[in-house]
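This report refers to the structure that appears directly beneath it.
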There are 2 protein chains.
Amino acid sequence: MSSASRGDLTTRARIRDGAVECFAREGFSVSVRTIAEHAGISPGLVIHHFGSKARLREECDTHVRGVITEVKTQTFEGASGTFMLQQMAEIEHYAPVLGYVLRSLQSGGALAAEFFELMVEDVERFMAVGVEAGTVAPSRDPAARARYLTSSSLGSLMLHTTLHHPGTEPDFGRVMQEWIEAYMLPALESYTEPVLIDRTLLDTYIAHADGGADAEGSAGADAD
Amino acid sequence: MSSASRGDLTTRARIRDGAVECFAREGFSVSVRTIAEHAGISPGLVIHHFGSKARLREECDTHVRGVITEVKTQTFEGASGTFMLQQMAEIEHYAPVLGYVLRSLQSGGALAAEFFELMVEDVERFMAVGVEAGTVAPSRDPAARARYLTSSSLGSLMLHTTLHHPGTEPDFGRVMQEWIEAYMLPALESYTEPVLIDRTLLDTYIAHADGGADAEGSAGADAD
DNA sequence: CGTGATGCTGAACTCATGTTCAATACATTA
DNA sequence: TAATGTATTGAACATGAGTTCAGCATCACG
């Protein structure tokens, strides 16, 4: 917050911040009038400053993008993505940004894809550290595993949000809390003690994939 | 016309089926005019038959609900939910229904919650069979594990859909194919060979949960 | 044949939305 | 002080949405 100078806290920025909040709370179909009312101004002024609702949306995207990278650099570099999410949810100030990202993830779009890739990178790095330390098992395809883990947890969080808090603004801190409470134990259990005792499925798939699939897998990491 | 000329294949049903298709392809914000055009009729007739767009939507929900239960009873009872999804995606005829369910899952609502619960039940039963057969490890909380597995895979599928096929109609067969190709290996690997070698996380969480699970969950906000 | 009921249309109505625009208030400066 | 440019408003416009309605067509039934 302190990094953004007071020169940025102009009306434009106030509208932008309010818009991020509205988008997070009511989704991207929120009306310009609602955004204007939330900022205590007239609808016309929103257009006067941003040209159109679409451009306002773009500006919100870039602003959220900036906040994310800022938080990422502030946070200890080795922290996992989910930890980052948790931390952000706990700090009330970041709730609109987190909500905005969640909405983006639901709607698709450039920001969503970027955010996903960012998290994948984080997870992959985090897992690599774990492998190095001996606490995490190496994978046949670390990149694919990172994507899988990211997609699973993020998708599960999204699903939990839409199913249990439809429509209006969800308290994302509470959503995260509920989500953790519901899934932390089975997740840890599944990741610690193998769910599948029988190796047949895995071996069969590997054999099948070796036969007629791409040989793109970077098997260079840890051939154990 | 084919079989049910007087039975179900009336104009009402034709509109309903077309609406399911439109909802699946363009989302629930698709216009009544589009639905009417898709059925080759006038917009007014849609309202004449269903009263309002909301009631048409409800009727689509119940119809999809019916198709799902029908497929579920037809399919071998022990089949897993994901297998059911795969099977449905492969049969072109069910593509609109699957798309409709996906859209519901993205938007939230009653049908989405019901469908999720249905899949959870299936997964739990399927896992129980596996445990009985000795191919699946037992869980401390089978119900929670079933919810977790369902939420992860379904959420991941949703996320993959929104990220890689935004907006217009995705070919759900292809989406499933891509999704399987991207995540099957790491998923099987993670479920067969434990990701976490170190048991500390699991044991710590269990101890922590046993101690103060009922008291507001994690107290991480204050003590860090 | 006539009568009514139902299926169906096309235009019009209502409403919310994004956007435009002329007019006004304000602030800065010559 | 006068001027000029920016911030801001309130009303109006255009559009697309869901819905209504009066009327035409079609068909069963007496």
Side-chain angles (χ1 to χ4, degrees), chain A residues 4-63 100 103-104 106-107 109 167-169, chain B residues 1-2 4-63 100 103-104 106-107 109 167-169:
Chain A
S5 62
R6 303 155 71 110
D8 193 19
L9 205 49
T10 168
T11 305
R12 238 184 95 99
R14 255 186 35 233
I15 298 176
R16 195 230 304 122
D17 290 352
V20 169
E21 217 172 315
C22 290
F23 282 139
R25 188 163 43 202
E26 305 189 24
F28 294 118
S29 61
V30 70
S31 72
V32 172
R33 283 170 176 82
T34 301
I35 295 174
E37 190 182 3
H38 185 265
I41 58 175
S42 73
L45 191 58
V46 177
I47 302 298
H48 172 255
H49 274 295
F50 296 92
S52 71
K53 187 186 179 183
R55 291 207 40 191
L56 168 61
R57 169 79 196 280
E58 288 175 27
E59 210 120 337
C60 288
D61 268 24
T62 62
H63 177 243
Y100 190 94
R103 295 281 185 196
S104 284
Q106 287 174 347
S107 313
T168 60
E169 174 182 34
Chain B
M1 318 320 183
S2 30
S5 56
R6 359 183 79 214
D8 193 18
L9 203 50
T10 168
T11 305
R12 241 184 93 99
R14 255 184 37 233
I15 299 176
R16 194 229 305 122
D17 290 351
V20 169
E21 216 172 314
C22 290
F23 282 138
R25 188 164 43 204
E26 305 189 25
F28 295 118
S29 61
V30 69
S31 72
V32 172
R33 285 170 174 81
T34 302
I35 295 174
E37 190 182 3
H38 185 266
I41 59 174
S42 72
L45 191 58
V46 178
I47 303 297
H48 171 74
H49 274 295
F50 296 91
S52 72
K53 186 187 180 183
R55 292 205 39 189
L56 168 61
R57 170 78 196 280
E58 289 175 25
E59 209 119 337
C60 288
D61 268 24
T62 62
H63 177 243
Y100 190 94
R103 295 281 184 194
S104 283
Q106 287 172 347
S107 312
T168 62
E169 173 182 35

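Any value given below was found using the heavy atoms of this structure, including those in side chains, with hydrogens, waters and symmetry copies removed. Here the structure is a predicted model, which is why all the values come from computation and not from measurement.
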For a 4.0 angstrom threshold against heavy atoms of chain B, report the outermost contacting nucleotides of DNA chain D in 5' to 3' order. D/dA17 to D/dT20
For A/Arg14 and A/Ala39, which heavy atoms make the closest approach, and how far apart are they? NH2-O, 3.3 Å
Heavy-atom pair of closest approach, residues B/Val20 and B/Cys60: CG2-SG, 3.7 Å
Whole Å only: how far is the NZ atom of A/Lys53 from the P atom of C/dG18? 4 Å
For the pair made of CG in A/Leu56 and P in C/dT17, what is the distance, rounded to whole Å? 16 Å
To the nearest 0.5 Å, what is the distance between [atom1] ([X]) and [atom2] ([Y])?
| X | Y | atom1 | atom2 | result |
| --- | --- | --- | --- | --- |
| A/Phe23 | A/Asp61 | CZ | CG | 9.0 Å |
| B/Ser42 | B/Glu37 | OG | CD | 12.0 Å |
| B/Ile15 | B/Leu45 | CD1 | CG | 4.5 Å |
| A/Thr62 | A/Glu58 | OG1 | CD | 8.5 Å |

A/Asp17: partners by salt bridge (Lys or Arg N to Asp or Glu O under 4.0 Å), with sequence neighbours left out: none
Would you call A/Leu56 and A/Ile35 a side-chain contact if the rule is heavy atoms closer than 4.5 Å? yes
Can you find a heavy atom in the side chain of A/His38 that is under 4.5 Å from one in the side chain of A/Glu26? no
Close N/O contacts between protein and nucleotides 22-24 of chain C (under 3.5 Å):
none

Identify, residue by residue, the members of residues 25-32 of chain B with a heavy atom below 4.0 Å from DNA chain D, and return them in order of residue number, or none. B/Val30, B/Ser31, B/Val32
Can you give me the N/O atom pairs linking the protein to nucleotides 6-12 of chain C at distances under 3.5 Å, or say none if there are none?
{"from": "C/dC8", "atom 1": "OP1", "to": "B/Thr11", "atom 2": "OG1", "distance (Å)": "3.4"}
{"from": "C/dC8", "atom 1": "OP2", "to": "B/Thr11", "atom 2": "OG1", "distance (Å)": "3.4"}
{"from": "C/dC8", "atom 1": "OP2", "to": "B/His49", "atom 2": "NE2", "distance (Å)": "3.4"}
{"from": "C/dT9", "atom 1": "OP2", "to": "B/Ser42", "atom 2": "N", "distance (Å)": "2.9"}
{"from": "C/dT9", "atom 1": "OP2", "to": "B/Ser42", "atom 2": "OG", "distance (Å)": "3.1"}

Whether the side chain of A/Arg103 engages the backbone of A/Ala24 through a donor-acceptor N/O pair (distance < 3.5 Å, no angle test) should be reported. yes
In a table with atom names and distances, give each donor-acceptor pair under 3.5 Å that connects a side chain of residues 46-54 of chain A to protein atoms at least two apart or in another chain.
{"from": "A/Ser52", "atom 1": "OG", "to": "A/Ala54", "atom 2": "N", "distance (Å)": "3.4"}
{"from": "A/Ser52", "atom 1": "OG", "to": "A/Arg55", "atom 2": "N", "distance (Å)": "3.2"}
{"from": "A/Lys53", "atom 1": "NZ", "to": "A/Phe28", "atom 2": "O", "distance (Å)": "3.4"}
{"from": "A/Lys53", "atom 1": "NZ", "to": "A/Val30", "atom 2": "O", "distance (Å)": "2.8"}

